[in-house]
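These notes concern the structure reproduced below.
Each chain gets a letter, A, B and so on, in the order the sequences are listed, and its residues count up from 1.
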2 protein chains.
Amino acid sequence: MAVTMNDVARAAGVSLKTVSNVLNDYEYIRESTRQRVQAAIAELGYEANLTARSLRSGKTKMIGLVLSDLSSPYYAELASRLMSVAAESGYRVLVEQSNADPAVELAALRGPFRQLTDGLLFTPLSMDVEEVESHRGAKPLVLLGEHILDPRLDVVTMQNEVAAAAVTSHLLESGRRRVAVVGAGIDDTTGSPGLRMNGYRAALADAGVPFDPDLVVPGDWRRDGGADAVAALLERGTQFDAVFGLNDVLALGAMHELLVRGVKVPGDVAVVGFDDIDEASFSSPSLTTVSPGMDEIVRRSLALLLDRIEGREKTAGGVHVESDFALKIRESAP
Amino acid sequence: MAVTMNDVARAAGVSLKTVSNVLNDYEYIRESTRQRVQAAIAELGYEANLTARSLRSGKTKMIGLVLSDLSSPYYAELASRLMSVAAESGYRVLVEQSNADPAVELAALRGPFRQLTDGLLFTPLSMDVEEVESHRGAKPLVLLGEHILDPRLDVVTMQNEVAAAAVTSHLLESGRRRVAVVGAGIDDTTGSPGLRMNGYRAALADAGVPFDPDLVVPGDWRRDGGADAVAALLERGTQFDAVFGLNDVLALGAMHELLVRGVKVPGDVAVVGFDDIDEASFSSPSLTTVSPGMDEIVRRSLALLLDRIEGREKTAGGVHVESDFALKIRESAP
DNA sequence: CAGCAACTTTACAACGTTATAGTATTCAAG
DNA sequence: CTTGAATACTATAACGTTGTAAAGTTGCTG
């Protein structure tokens, strides 16, 4: 059997509650008592039972991270950093993969997953703001990644539209005129795909380049999605001199397909992405992309969430944070 | 306040324990009673309190996954699959990043992390078998990835040596004679680096090619580690016509550095890796590598761990499982 | 040296579940 | 219609912690 507080109390000759007080840094404890208890703890090798603590205190010291798929590099890096940063504050991260499935997202908001965590960092992929708002429970919730300015919700977001416009403009400024965009449908206007598309269209408009629906190709946000999209473009004979993959893996998949088919990058077709995953610096050619400020997103979303959890942030309405972005110009689109 | 079993019991006109019995599929419950309880549960929207359940039952329905770094693609894919597969059996996965730090690995074996989980899938990076054996607690533990045949420990492993030999032999058979190996020191003989090195040396010996220490370059198992290693090789003028990156990101980093410096791959130098991460199929050139059978590793290690946790696997000594591997020949080393 | 405030420690209840050890009820067999 | 086994249900005690409220101790002030 594991050592309990009771054993420690007995060994130190104090009450159970005094041991608890020592553990919780209660102010009024005689120094000699504290040391006696600490000694007993050390001698017996006592470790607090986290489950009992959670039951009694109602806190789990875990935060939940809901994302579509941990094997996607962007989310893997995000989760990895979040875990490291959260650990500094004594929190663990429990990850839930939604696969963009509405049922799973809903379950993450209200089900057992919620119970296990003190607060949620949530990437809504299939739900809209209203659904999130109506199903979120009482515990703190910070939305991640979307550019949603709902006054009821805390949101930490990257500048999807502006950054997408910037990277598109970069292509246009280098003389490209037929920029294919991969990873969204023409009708998308919300969510990361839609917002980045908006940025794309804004940049075109800005440069006086007409929007051509033929250049828009939907695709799963995976490498093969990018490859398939390029294959489709080439097979239907659509002319293009650049590809904007709405995230890096799409762009890298697209680039792979271009190169396999003998299309020169950036000679014939320039390629840009979005996210600046580690791989983008090491592909051949290296990938021009947008760094959305992941470090800032991680730190600030966690800070906001912990402020809510620990009752420091009292703002009634939603707090909105937007990270800086940076254009990373590399070989695929100089 | 949340709805408790007591509320359900009152609503259904039965005792607390009967509600518990219904929830736990106890055999002897009258059908009518069961339905009354179910109805009350549905009406009140009752959800079991997992923390209380854990405290009383001693089970958390979580398994721990200890790895070096979740942002590494191999581990990200592993974690992602494990979560999906574990969910099928009603388990969640809690990830701990050790960064190969002995203190963190030790803490994962004995500390709070252990408490939160019913069993551990553990990738030992800085600890040897004896340390693991002496510090593992009472709960089930399955080692991952190493080829350790200690009779006291459960291990699910890939065929590090044989597979590394196979991919090296492939290089030798295609006529390469100066195969640089990146990611281990000459003295490594244990752990994934050492075992893969052993395979490398075995393949050389098999082909009658002398082992040259100059061709061995240590490096962190990251892209930049591979790039730095190649830079070092080139700068010190060591002749080589192939690079074996001991994992895929090393190989991809190495390949990037070669291409940046104008070395043709595979024309001048062939490159092979190990792991077959998703990216290996989409790099340019695509990467010849070894697929270590991750799906099998995930499924069998989880099955073994759950068998231990749920008391089905009674074998006193360690169970050893070895996954199949497959050579994936692609453009970087045809 | 009484009185009061500041400290220090404690007993007991509570968190919401499952385990133990029963008590009722039903029903077939004698 | 009695017995005993099978079935159906329940009261009570845990699990190990923190919260509440109060009791006990000290030391200072008047």
I want to confirm an ordering. Mapping Thr18(A) and Tyr46(B) to their closest nucleotides on DNA chain C, which one lands closer to the 5' end? Thr18(A)
Counting only side-chain heavy atoms from C-beta out, which of dT7(D), dT18(D), dT8(C) sits nearest to Tyr26(A)? dT8(C)
Can you find a side chain N or O atom of Thr33(B) that sits less than 4.0 Å from OP1 or OP2 on dA8(D)? no
Which nucleotide in dT18(D), dA19(C), dC9(D) has an atom nearest any side-chain atom of Lys17(B): dA19(C)
More 5' along DNA chain D: Ser57(B) or Arg30(B), using each one's nearest nucleotide? Arg30(B)
Please work out if Leu23(B) contacts a base, only the sugar-phosphate, or nothing of the nucleic acid, heavy-atom cut-off 4.0 Å. nothing
What is the distance, rounded to the nearest whole Å, between atom CG of Leu50(B) and atom P of dG16(C)? 13 Å
Choose from dT18(D), dA19(C), dG16(D) the nucleotide whose nearest atom is closest to any side-chain atom of Arg56(B). dA19(C)
When all nucleic acid strands are considered with a 4.0 Å heavy-atom cut-off, which category describes Ser54(A): base, sugar-phosphate, or nothing? nothing
Expressed as a whole number of angstroms, how long is the span from Asp25(B):CG to dA19(C):P? 13 Å
Would a distance-only check, ignoring hydrogens and angles, find a side-chain to backbone donor-acceptor pair under 3.5 Å from Asp220(A) to Arg222(A)? no
Could you tell me whether the side chain of Arg114(B) and the main chain of Leu109(B) form a donor-acceptor pair under 3.5 Å? yes
Distance check needed: dT7(D) C1' versus Arg34(B) CZ, whole Å only. 13 Å
Given atom OH of Tyr28(B) and atom C1' of dT10(D), what is their separation to the nearest angstrom? 17 Å
Measure the distance from NZ on Lys59(B) to P on dC15(D) and round it to the nearest whole Å. 17 Å
I want to verify a distance call: between dT18(D), dG16(C), dT17(C), whose nearest atom is closest to the Leu55(A) side chain? dG16(C)
Select one nucleotide: of dC9(D), dT17(D), dT8(C), the one nearest the side-chain heavy atoms of Thr4(A). dT17(D)
Length of the line joining Ile41(B):CD1 and dT17(C):P, which is rounded to integer Å: 10 Å
Tell me which one of Leu82(A), Leu94(A), Val142(A) satisfies side chain to side chain contact (heavy atoms under 4.5 Å, CB included) with Ile63(A). Leu82(A)
Asn99(A) and Ser68(A) side chains, donor-acceptor separation under 3.5 Å: no
Is it the case that more than 12 heavy atoms not belonging to Glu310(A) sit under 6.0 Å from its CD atom? yes
Give the rounded distance in Å between these two atoms: CG of Asp7(B) and P of dG16(C). 9 Å
Whole-Å gap separating P (dG19(D)) and CE (Met5(A)): 10 Å
The residue, Asn21(A) or Ala52(B), whose nearest nucleotide of DNA chain D is more 5′ is Ala52(B)
With heavy atoms under 4.0 Å as the rule, sort Thr51(B) into base, sugar-phosphate or nothing. nothing
